[in-house]
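Everything numeric in this text was worked out from a predicted model, so none of it was measured. Whatever order the structure lists ligands and atoms in, that order sets their numbers, starting from 1.
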Amino acid sequence: MYAEIVVDINHSAVDRFFTYRIPEALPVRVGHHVFVPFGMGDRLKEGFVISLKETTDLNPALIKDVARIIEPYPVLLEEQIRLARWMHTAYHCLFIDALACMIPAQLRGQRVREKTVMTVSVREGINVEEQIAIRKRAPVQQAVLRIVADAKEIPKNEVGKLLPGAASAIRALLEKGVLTEGTAGVFRAPDTPVLSEVEHELTPAQKRAIETIAQARSHSERNIVLLHGVTGSGKTEVYLRAIRDCIAEGKQAIVLVPEISLTPQTVGRFRGRFGDRIAVLHSHLSAGERFDEWRRIRLGMADIAIGARSAVFAPMERLGLIIIDEEHESSYQSEKMPQYSAIDIAAQRIKDTQGALVLGSATPQLITYYRALSGRYALCTLPDRVAGRPLPEVEVINMRDEFLLGNNSIFSDRLVELLAETFAKGQQAMLFINRRGYSTFVSCRSCGYVLKCDNCDISLTYHKSEGRARCHYCGATKPLPSVCPNCKKPFLKQFGLGTEQVEEALHKLFPAVRSLRMDTDTMRTKDAYNRILSAFSAGHAQVLIGTQMIAKGHDFPNVTLVGVVAADTTLNLPDYRAPERTFQLLTQVAGRAGRDELPGRVVLQTYVPQHPVIQFARTQNYPAFYQYEIAERKKMLYPPFSLFLRVVFSDPKEETVAKAALGYAKQLETVLRSALGPDGKNVILLLVADEAPIARISGQVRYQLLIKLLRTKRLPDAIRTIYAFHASQDFACASAQLEINPQELY
Ligand code: ADP
Ligand code: ZN
């Protein structure tokens with residue numbers, strides 16, 4: 001027998017299968033992690049068994065033997081190997097990079113070992129009752145014997161937990177030969193609370209959703225379901241029931257949530273329903289915990305895996321259901337090689353395992369809704385909040401009118417009035433300020449000079465608490481000059497809005513009110529994030545001020561007012577997704593108000609109150625927003641009607657990078673046109689190399705090649721050609737990064 005093996009070396013030169021002979025005595029199976037002799041001097045390298053075969057055309061004298069099996073069980077499922085083959089072609093990644101997504105990093109290179117503990121059990125042939133009877137004077141030993149006999153084999157420290165002071169009794173029993181020692185493997189488990197809640201009677205809409213998911217699981221076509229439900233409409237309850245049905249049939253499920261929502265509360269809610277049959281996979285686990293959670297899934301000890309993006313690869317052998325909550329989140333797209341989308345991976349896996357995929361969101365991606373309306377996905381809608389709770393009432397405030405009436409503060413009169421009302425009632429408010437898009441900068445009112453980073457082509461943001469201006473791209477800071485570096489006049493002033501400024505303005509108006517602030521400055525760690533949220537939840541402050549980070553996550557029953565200080569900042573970003581992102585953000589922020597019994601209010605402050613996106617956000621009317629925006633996209637042939645790819649070139653020297661980018665673009669166009677033939681004219685909508693929107697970051701000059709391709713049958717050919725061309729290029733002078741469907745276009 002022979003094995004086809006991928007060697008664990010990260011290089012395109014060895015990105016293929018190597019044939020090894022399987023010695024008689026080695027029970028090698030597909031998916032096994034093995035050692036094989038490789039390269040000069042036959043040093044042992046790790047590898048993965050991709051397939052087995054009876055014969056080979058190679059010269060038998062040249063074929064080497066598999067040296068040994070590392071883990072006793074195959075670490076990869078056959079289904080995962082098929083997935084890796086698919087990724088290898090679809091994303092043009094190395095085979096080993098695809099496999100690396102599916103196994104914990106700790107397993108490669110043996111950095112983490114399985115953990116074992118000392119156990120005790122009753123020695124064979126010992127009569128337990130007799131031993132207990134003769135130990136009348138030693139009650140602790142009697143108790144230990146009972147515990148050990150009941151458990152058959154039990155870790156020593158667990159006996160100690162059940163019975164303080166057991167250690168010396170155990171020692172005595174071991175000495176007498178009544179107990180014997182052994183070892184057993186244990187699983188390091190992350191600590192999560194168990195939150196139990198009553199099981200609600202399902203609403204008719206929830207019932208329909210569960211039926212649709214059940215249908216999707218039993219039919220092989222249309223096995224993807226879009227669950228479109230406003231915030232608080234009971235989507236999570238639908239997930240929980242669908243998972244239960246899936247498990248009842250002996251299948252397993254994967255649940256993906258955005259990293260930021262992977263809070264103890266979320267996990268606790270699942271644990272409350274499903275107990276120990278849950279494994280959690282996320283980046284904040286220790287290496288040992290992550291390895292053990294993965295192992296529990298692989299060994300069939302868990303039926304449900306919850307995690308962020310990478311959990312989509314969880315090694316479920318009986319996968320029946322994948323749920324992706326908040327499917328519109330950009331974090332489901334990997335930016336690193338392989339640049340996969342968790343949604344595509346999930347779709348591929350359930351096609352193979354004949355399961356179902358549920359995409360949930362209050363504001364689905366346009367492309368997802370487009371596919372649902374065109375019948376490719378099944379569509380379920382949860383149009384109302386549960387228990388008859390109304391959606392919050394949204395008021396749009398025209399800030400231009402405020403200014404004309406002499407109010408030039410950052411809060412409208414109406415927002416101040418509602419804040420005062422909220423505080424008077426002992427309720428809480430959230431103030432949202434979207435700082436994305438460099439809305440804060442320092443500029444000279446006399447000559448217009450804008451303070452910029454020395455390394456990046458980016459205006460600096462003034463941070464009052466530090467008394468310095470900071471670059472949000474490279475982190476460099478500098479003190480604020482007292483006069484303008486350009487005209488030497490003392491007229492430098494900060495423009496735009498930041499969270500610090502909102503906090504300061506709030507304290508001027510309401511000196512007694514306590515607030516918490518959440519933005520990338522105040523929360524460098526996940527811990528800080530959870531600490532601020534729990535402090536707010538416990539009522540230690542009346543106001544939470546933050547950036548998009550506060551738009552999702554926790555439920556705060558006492559929040560009745562949400563103020564969006566400047567609704568327009570994302571609207572003006574130079575990106576075709578700006579309207580979609582703005583609508584998503586505004587809807588999500590608004591959804592934070594009135595989650596519990598108390599009704600919620602939302603105030604949107606804007607300079608463009610008539611803008612369709614603002615109006616649709618006011619009524620929280622997703623279908624109307626969709627119709628408006630999809631028409632715009634069609635007009636401009638933006639996605640979903642096309643696909644963007646981008647190559648970013650960077651180098652310290654402008655000349656080098658420009659030459660590389662322009663040369664690349666010209667060659668690629670020729671290659672692409674000849675590959676596509678006469679269709680090329682229609683498929684290539686755009687192929688231009690130019691300075692990137694941010695022309696310099698950390699001292700590197702940046703150029704970008706933007707490619708826009710029409711979504712037709714020829715699209716896969718076009719993508720393949722581009723990847724192949726990219727791989728064939730030699731970037732000795734400038735570095736170049738190819739991105740498919742780039743999430744940011746700076
Ligand atoms: P979503 O995930 O859509 O934001 P959730 O599933 O978290 O909504 O539900 C919001 C709240 O409503 C939760 O507190 C949940 O326990 C409750 N809930 C869900 N379904 C029902 C129901 N059928 N009847 C009553 N309450 C429900
Ligand atoms: Zn910088």
With a cut-off of 4.0 Å, which atoms of ligand 1 are near a heavy atom of [X]?
| X | value |
| --- | --- |
| Glu201 | 22 (C), 23 (N), 24 (N) |
| Arg269 | 5 (P), 6 (O), 7 (O), 15 (C), 16 (O) |
| Glu237 | 6 (O), 19 (C), 20 (N) |

Run the ring-centre check on Phe411 versus Phe510 and record whether the distance is less than 6.0 Å.
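When the ring centroids of Phe411 and Phe510 are compared, they turn out to be at least 6.0 Å apart.
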Under 4.0 Å between a Lys/Arg side-chain N and an Asp/Glu carboxylate O for Arg273 and Glu237?
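Yes, Arg273 and Glu237 are salt-bridged.
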Among Val386, Val230, Thr203, whose heavy atom sits nearest atom 12 (O) of ligand 1?
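Residue with the shortest heavy-atom distance to the ligand atom: Val386.
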Measure the CD-CG distance between Glu326 and Leu256 for me, rounded to the nearest 0.5 Å.
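Glu326 CD to Leu256 CG: 12.0 Å, rounded to 0.5 Å.
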What is the ring orientation for His228 with Tyr369, classed by angle as parallel under 30°, tilted 30 to 60°, or perpendicular over 60°?
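Aromatic pair His228/Tyr369 classed perpendicular.
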For the residue pair Tyr628 and Phe616, does the interplanar ring angle fall in the parallel (under 30°), tilted (30 to 60°) or perpendicular (over 60°) class?
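Plane angle between 30° and 60°, so tilted.
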Thr231 N/O to ligand 1 N/O under 3.5 Å
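Between Thr231 and ligand 1 (N or O atoms, distance only) the closest approach is not under 3.5 Å.
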For Gly232, is the nearest heavy atom under 4.0 Å from an atom of ligand 1?
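Yes; Gly232 lies near enough to ligand 1 that a heavy-atom distance drops under 4.0 Å.
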